[in-house]
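If you read the sequence from its start, that first residue is 1, and numbering goes on from there.
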Amino acid sequence: TTTILHSIFICLQNTMSTTSNNKKSSKGNQKAKQRNLSNENILSLKRLALAIQELDKPSSSSNNKNLSSPGSSNSGPLQVADNSTTTSITIPSIHHWRNIPADIMGAYKMLHDGAQLIKTISTKYTLMGKISLGDGSKLSTELRQGCELLSTAAFLVHSPHSGCARSTRVLVKQRCLAVIQNVTILMESFVSTRALEGNVGAQLTGAVWQACDEVMDKTPKGNRACMMREMFTWVRDCDETMQEFEELVALGPISDDDDNNEKKTEKVHEQGIEDGNTEWDGFCENLGTGEHYTNDEISIVKSCLALIKCSRGVIGLTLKALECAGSAVEGHIVVKDAEEGNNGDMSHYDNIFQWMGNLHETCRKIAQGVTNIGCALYPPLNVSLIQCENGGDDDANNDNEAWTRTEIGRHAIQQKDWLLSVTREIEKPNFGSNNKCQIEMSAEVREMCNKLLVAIEKRTSDIEHSIQQKIIIGR
């Protein structure tokens, strides 16, 4: 009897052990599946982010130096060099201005719905993950689906026939990427259990919320809102650049004390070879760090700031011109075709839309030109002559064209060309077949064109004179 009872006990013990091991194995397999599910969703989100990043990526081009002028609407979209000799960006044609088509409104609704879904699910995901990582991982699929809804909207906006401007596409792309990347970081933090440390999970969820709020509440809708938003940003950049260098000019020319400080700095530098701390002390005392201009440099800076002011004026002029053109094309008024008399021909309106898009892209070049000029204005100014492409040293420093071989001079000439190009296009907006299509600009726009054309020439001439004087003094 004792032997039988012992055998029964052993069998029961083995059965209970096997059952326990099966439960542990099942639980381990379940956790592994949930972890794999989260990892799969993370990989899907990374592939999705990569696909969105590839949208409107600059394409290879062997000849991108010949940029179209704003008025070349009948030659197709503007080809813009992307600061490289090997890539270029084809600017998409816009098909609407103030009135947003139904399919694009649908894309914006997808953006809003996707962001709202992600914001709601991310909260649940974090709360459930704090309690049980397995239960929280079940919501990772819903987060991925919300990101897929956002990406669908982005692909719709970037479709060839959407009629969305470059500004609209870039803005939607940036907002979608911000949400997807923050969701990916949140999910990765739970897989690595880093989200369970302190308030890390809550902070990352807050970042997801912020990105979703940007999509839902702060995304401009339509070409007009997005293009104007970008142009107002360029105007602000002009103001900030002018303010920064006006403050430096207000400090006045370099004084005798500053000259002594520079000489002292040179002495400190020589002594620094023997004592490294001395050089560091001299730097901390702010000796000769170049916060002042010389007398001849101030005249160059003032002339360049005047050209930047003209740049701001041209961007403001473009804002008003786009409004006139947008009203003309969407209201089917003020568009003239003297010979054909066909105001209802949509090809004319397509030409106007293309003209508007090209004009906006030329203003982008103007904004970049302001940045280039600003980078060259920090004291002390560099007015040394740039060597010729063939490596030779010609006699440019002996004639009146020497200023064109300085860094500031080249930036100023390029800026002048872009400014005159935009202003002249707005002054006489003739385009289309044989330049028959016209836009009637307001009296304010015409008056601004006349003033700016004179001012641009005058300010460039002032820059030329001041740089030439600096070159003569430096000989």
Main-chain N/O of W418 paired with S421 side-chain donor or acceptor, under 3.5 Å: no

Any F245 side-chain heavy atom under 4.5 Å of E240 side chain: no

Pair E40 + R144, salt bridge at N-O below 4.0 Å: no

Distance-minimising heavy-atom pair for M216 and A115: CG-CB, 3.6 Å

Reported CD1-to-CZ distance for the pair I42 and R47, which is rounded to 0.5 angstrom: 12.0 Å

Residues, nucleotides or ligands: over 12 heavy atoms within 6.0 Å of Q210 CD: no

Option from R229, R175, Q174 for which side-chain hydrogen bond (donor to acceptor under 3.5 Å, both in side chains) with T219 holds: R175

Pairwise distance CD1(I300) to OH(Y293) - rounded to 0.5 angstrom: 10.0 Å

Lys/Arg N to Asp/Glu carboxylate O, E440 vs R446, below 4.0 Å: yes

Heavy atoms from other residues, nucleotides or ligands near NZ of K130 exceed 12 (cutoff 6.0 Å): yes

Closest heavy-atom pair and its distance - M187, S140: CE-CB, 3.4 Å

Residue pair N358, Q354: steps toward the side chain to side chain donor-acceptor pair (under 3.5 Å) verdict: CA-CA 6 Å; N358 292 351; Q354 188 63 63; 3.0 Å; yes

Electrostatic pair R166-E230, nearest N-O below 4.0 angstrom: no

Exercise: identify the closest heavy-atom pair between I94 and G357: CD1-N, 4.2 Å

Within-4.5 Å side-chain heavy-atom neighbours: L156 and D103: no

Sidechain-backbone polar pair: T205 side chain, G201 backbone, donor-acceptor under 3.5 Å: yes

Heavy-atom pair with the smallest gap, counting every atom of V445 and A321: CG2-N, 4.4 Å

Donor-acceptor pair, side chain of T423 and main chain of L420, under 3.5 angstrom: no

Candidate pair Q368 and N372, rule side chain to side chain donor-acceptor pair (under 3.5 Å), full reasoning: CA-CA 6 Å; Q368 182 60 48; N372 293 338; 3.2 Å; yes

Min side-chain heavy-atom separation R424-C449 under 4.5 Å: no

Distance flag, aromatic centroids of W234 and H360, threshold under 6.0 Å: yes

E297 versus L381, closest heavy-atom pair with distance: OE2-N, 3.1 Å

Sub-4.5 Å side-chain heavy-atom contact between D213 and K119: yes

Spatial distance of atom OG (S122) from atom CH2 (W209) [nearest 0.5 Å]: 7.0 Å

Distance, nearest 0.5 Å, that separates CE of M231 from CG of L359: 7.0 Å

For K309, all residues meeting side-chain hydrogen bond (donor to acceptor under 3.5 Å, both in side chains), sequence neighbours excluded: none

Rounded distance [0.5 Å steps], CG in N223 versus SG in C164: 5.5 Å

Between CZ on residue R312 and CG on residue L317, distance to nearest 0.5 Å: 13.5 Å

Trace of the side chain to side chain contact (heavy atoms under 4.5 Å, CB included) decision for H411 with K416: CA-CA 9 Å; H411 288 320; K416 172 191 173 183; over 6 Å; no

Verdict with supporting geometry, N41 and L143, side chain to side chain contact (heavy atoms under 4.5 Å, CB included): CA-CA 9 Å; N41 287 326; L143 284 175; over 6 Å; no

Side-chain touch I373/L307, heavy atoms, less than 4.5 angstrom: yes

Residue pair A154 / V172: nearest heavy atoms and the distance that separates them: CA-CG1, 4.0 Å

Flag if over 12 foreign heavy atoms under 6.0 Å of CG, D217: yes

Heavy-atom side-chain contact between D113 and L149 under 4.5 Å: yes

Flag, side chain of R459 to backbone of A306, donor-acceptor distance under 3.5 Å: no

Member of N182, I52, L150 meeting the side chain to side chain contact (heavy atoms under 4.5 Å, CB included) criterion with L177: I52

Short side-chain to backbone donor-acceptor contact, Q415 and I366, under 3.5 Å: yes

Electrostatic pair K365-E361, nearest N-O below 4.0 angstrom: no

Note, I118 side chain near C147 side chain (heavy atom, < 4.5 Å): yes

Test ring pair (Phe, Tyr, Trp, His ring centres under 6.0 Å) applied to Y108 - qualifying residues, sequence neighbours left out: none

K173 atom NZ: more than 12 heavy-atom contacts under 6.0 Å: yes

